[in-house]
Amino acid sequence: MSGFDDIPFFDEEPAPRKPQPPATGGIAARAMAARDRQQRPDYLSGLNPEQAEAVESLDGPVLVLAGAGTGKTRVLTTRIAHILSTGRAFPSQILSVTFTNKAAREMKERIGVLVGHAVEGMPWLGTFHSIGVKLLRRHAELVGLRSDFTILDTDDVIRLIKQIIQAEGLDDKRWPAKQFAGMIDGWKNKGLDPAQIPEGDARAFANGKGRELYAAYQNRLRTLNACDFGDLLLHPIRMFRSNPDVLKEYHDKFRYILVDEYQDTNTAQYMWLRLLAQRPKGVPQNVCCVGDDDQSIYGWRGAEVDNILRFEKDFPGAKVIKLERNYRSTEHILGAAAHLIAHNEGRLGKTLFTERTDPDDEKVQVHAAWDSEEEARAVGEEIEQLQRKSHKLNDMAILVRASFQMREFEDRFVTLGLNYRVIGGPRFYERLEIRDAMAYFRLVCQPADDLAFERIVNTPKRGLGDTTVRTLHDYARARDIPMLAAATDIIGTDELKPKARKGLFDVVADFRRWQGLLETTPHTELAEQILDESGYTAMWQNDKSAEAPGRLENLKELIRSMEAFESLRGFLEHVSLVMDAEQNENLDAVSIMTLHSAKGLEFDTVFLPGWEEGLFPHQRALDEGGRSGLEEERRLAYVGITRAKHRCHIWFVSNRRIHGLWQSTLPSRFLDELPITHVDVAESEQSYGGYGRGGYGQSRFDKADPFQNNYSTPGWKRAQQNRSDATRDNWGSRSGHAVERIGYGESGPRSRTIDGELVAKSTSTEPSRFTVGDRVFHMKFGNGNISAIEGNKLTIDFDKAGQKRVLDGFVEKV
DNA sequence: TGGTCCTCAGTTTTT
DNA sequence: CTGAGGACCA
């Protein structure tokens, strides 16, 4: 390597004020390094020995196995600061990859703080995808694109695929575009071209046309000058493979490579990294990957834990550093988490420990509730109690397995007047009105963006229905021109009816005018003008529906958020990659989110509701993922527990409403995998009965608490047995215990209570043992009369609880 | 073209 | 039970 100034890139920073980076391994470098070791700079002083080693091992491959709360981000950022301040590389010579924009943003901030003075940029710190875009914009022509290609999001992709399926003369109902989009995504995650996909996969869709459709889709993307998210990884890989000279430029350029959350990389990302990390024999591969195999929870979307497990083979001579000293949680929380995760096989094996022990630290609490309503109520009460002891709501979080669980908490918090915020719900940029507006902007910047054209050509209504659009589409395809251009042509002919022609004429004129203003008018102003002149704003102003005002407000917000950008183009690029909008952090509120979105976060108090078989671990994970599915669920549980700093409260319920029907549930097997030494079973003052309090009968907890005798009540033991049985057929065994009785009615069908589908199907043909008008008793709702029967689903008018629908296994004739 | 009815499905999510 | 998406009719 001769240096950096002969690398022909123009966006790199000018000559540094700091010391010149000497050639690696040079005498000066070693002297400087020695000096730095003697006078350890500030930023190194707070590190523990393992962290310091991870930061200072700069030559050769390094794998940092960073357990939860062990200072992973700190190591990464300090390592970069160290590289910079020892003059080993310029910011532009460090490639640093994260998975989310948020992680990238945080790293930039923290590096800035560490280095003190302004570090220009870190132009190559970003997500795999944003770095992919950057590479592609420079070398687009090498993969058959123009550098102004557009990036399609999921919605665009689905619409495009739908068109392709229809164009093939296939029934798009039988072969849903969404499903195929998922398949393509899966293939791209694995780095597969149409030619490379497995024969079985190719046959599985559309009577064996899978491969053909995938190829057609790629062709279509190329004509549209567009990429989907997968292409942002695959195109650079293709480009590097077929242009070794270009790859070499980047080899010379990137002196250090860092990868965050390595356990989440998929095969394509892995190939990408391998390519960039290649070095001639004898040249050290300065790759540093940071991750935690125990926190790999994205297998279902293509992440390969294997990548991290295989690191030492992939990068010979790699140094592996484990960070196990935890700075986040109490010993009880760590003890519980460690014991749980130890049930997984195929781990690299870390055990977190902490040096702080405080006898006042609370153990992990396990609570039982009668049903999910009570669960929400009780959690709400706990939160209020903590609040009274002046704990901040911001320090509390409810982490659920599936988003439908959020609703009951939200309902409850609304009635309590408790502030909450839902993290991860539908996103700002995915809203209808925002996407419409964006389509207008896209088409102004990108006249060839047919998907944008089709989206808004008749929004607001301009009398341009399906027929017109199809005519335009065919016209454009036949001549291989964009649809907007086709529209321009076609209005000069008499191919359209006068009404459509007029409408189209106006649209074309509008866009031509806006395009003309692109360079001269400030972009926020132009954006507003576009929305007004197109009639889009008016469309919502005239809309009387309840959402309309909100939508208008969102449009204003959209314009406002554009102010931070220099141009419409810059804004569009940002949005296509960064779909998140910032949350209001000033409000003190409880966070509600899924376990998946909680990864990387921490809270003083964490509530983990819904620890029941079938929900957590999720039935589908077990059915589809088998053993590895179960292990991933267990890692998810591990992630959940390790989010907590001081208090971790786990809940399970006996009855949960699934698809509108009340079903009885069994405690999660994960509860049994917690160590009793670090866990307390919460004894609650209040009745677990909920409705039962009023005298409909006793809650099962009045008689038997499943936690008595260290989790060894007969019911629970039996539940354990049933679960571990390979055959799911022995549901007949039962005793007088309440748990059993609820789930498997005396003479009811032999069906699994957790799995709603099985229950529903297995009985649909059998005649019901009940008839309308029967007087029945239900454990939760008490007495009532049957008013309707559908298969095994009963509609019952309860005396006190009102009308409910329940499964027949839950009630008895009186 | 717009609204209403019906059917169907129903984990997790980033880019 | 809910929400989405499609079919169907005015």
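Protein chains get the first letters and strands the later ones, always in sequence-line order, with residue 1 at the start of each. All values reported here derive from a predicted model rather than from experimental measurement.
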Between R274(A) and Y270(A), do the side chains contain an N or O donor and an N or O acceptor separated by less than 3.5 Å?
yes
Which of the following nucleotides, [options], is nearest to the side chain of [X]?
| X | options | answer |
| --- | --- | --- |
| R301(A) | dT2(C), dT15(B), dT13(B) | dT13(B) |
| S597(A) | dT13(B), dT1(B), dT12(B) | dT13(B) |
| T100(A) | dT12(B), dT15(B), dT11(B) | dT15(B) |

Using whole Å, what does the distance between atom [atom2] of nucleotide [N] and atom [atom1] of [X] come to?
| X | N | atom1 | atom2 | value |
| --- | --- | --- | --- | --- |
| D156(A) | dT15(B) | CG | C1' | 14 Å |
| D153(A) | dT15(B) | CG | C1' | 10 Å |
| L608(A) | dT12(B) | CG | P | 17 Å |
| Y429(A) | dT14(B) | OH | P | 15 Å |
| E261(A) | dT15(B) | CD | C1' | 15 Å |
| H129(A) | dT15(B) | NE2 | P | 8 Å |
| R407(A) | dG3(C) | CZ | P | 6 Å |
| K599(A) | dT11(B) | NZ | P | 22 Å |

Is R137(A) salt-bridged to E573(A), cutoff N-O under 4.0 Å?
yes
R412(A) bridged to E408(A) by N-O distance under 4.0 Å
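Answer for the salt bridge query: no.
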By centroid distance (under 5.5 Å) and plane angle (under 30°), are W300(A) and dT12(B) in a stacked arrangement?
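Stacking is present between dT12(B) and W300(A), given that their ring centres fall under 5.5 Å apart and the planes under 30°.
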With the stacking rule set at 5.5 Å and 30°, tell me whether H596(A) counts as stacking on dT12(B).
no
Output a table of nitrogen or oxygen pairs between the protein and nucleotides 6-9 of chain C separated by less than 3.5 Å.
residue, atom, partner, partner atom, Å
dG6(C), OP1, K162(A), NZ, 2.9

I'd like a table of donor-acceptor pairs (distance under 3.5 Å, sequence neighbours excluded) in which one partner is a side-chain atom from residues 297-304 of chain A, with atom names and distances.
residue, atom, partner, partner atom, Å
Y298(A), OH, H596(A), O, 3.4
W300(A), NE1, I297(A), O, 3.0
W300(A), NE1, H596(A), NE2, 3.4

Applying a 4.0 Å non-hydrogen cut-off, can you work out what [X] is touching in the nucleic acid: base, sugar-phosphate, or nothing?
| X | value |
| --- | --- |
| R657(A) | nothing |
| S576(A) | nothing |
| E624(A) | base |

Does a side-chain N or O of N458(A) approach OP1 or OP2 of dT1(B) to a distance below 4.0 Å, or not?
yes
With a cut-off of less than 4.0 Å, is there a side-chain N or O of N101(A) near OP1 or OP2 of dT15(B)?
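It does, given that an N or O in the side chain of N101(A) lies less than 4.0 Å from OP1 or OP2 of dT15(B).
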F99(A): which residues meet the ring-ring contact (aromatic ring centres under 6.0 Å, His included) condition with it, sequence neighbours left out?
F128(A)
Once ring-ring contact (aromatic ring centres under 6.0 Å, His included) is applied, do any residues pair with F149(A), and if so which ones, sequence neighbours excluded?
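By the ring-ring contact (aromatic ring centres under 6.0 Å, His included) rule, F149(A) matches no residue at all.
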Nearest-Å distance once atom P is located in both dG5(C) and dT12(B)
16 Å
Which residues pass the salt bridge (Lys or Arg N to Asp or Glu O under 4.0 Å) test with R635(A), sequence neighbours left out?
E632(A)
In chain order, what residues pass the salt bridge (Lys or Arg N to Asp or Glu O under 4.0 Å) check against R455(A), with sequence neighbours excluded?
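So R455(A) forms a salt bridge (Lys or Arg N to Asp or Glu O under 4.0 Å) with D155(A), D436(A).
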Can you list everything that forms a side chain to side chain donor-acceptor pair (under 3.5 Å) with Q179(A)? Sequence neighbours excluded, please.
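Side chain to side chain donor-acceptor pair (under 3.5 Å) list for Q179(A), sorted by chain: empty.
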Between A402(A) and S130(A), the residue closer to the 5' end of DNA chain B by nearest nucleotide is A402(A)
Below 3.5 Å between N/O atoms, which protein atoms pair up with nucleotides 7-10 of chain B? Just atom names and distances, please.
none

Name all pairs fulfilling the ring-ring contact (aromatic ring centres under 6.0 Å, His included) condition that reach into residues 162-185 of chain A, sequence neighbours left out, sorted by first residue then second.
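Every ring-ring contact (aromatic ring centres under 6.0 Å, His included) pair that includes a residue of residues 162-185 of chain A, provided the two are not neighbours, is W175(A)-F205(A), F180(A)-W187(A), F180(A)-F205(A).
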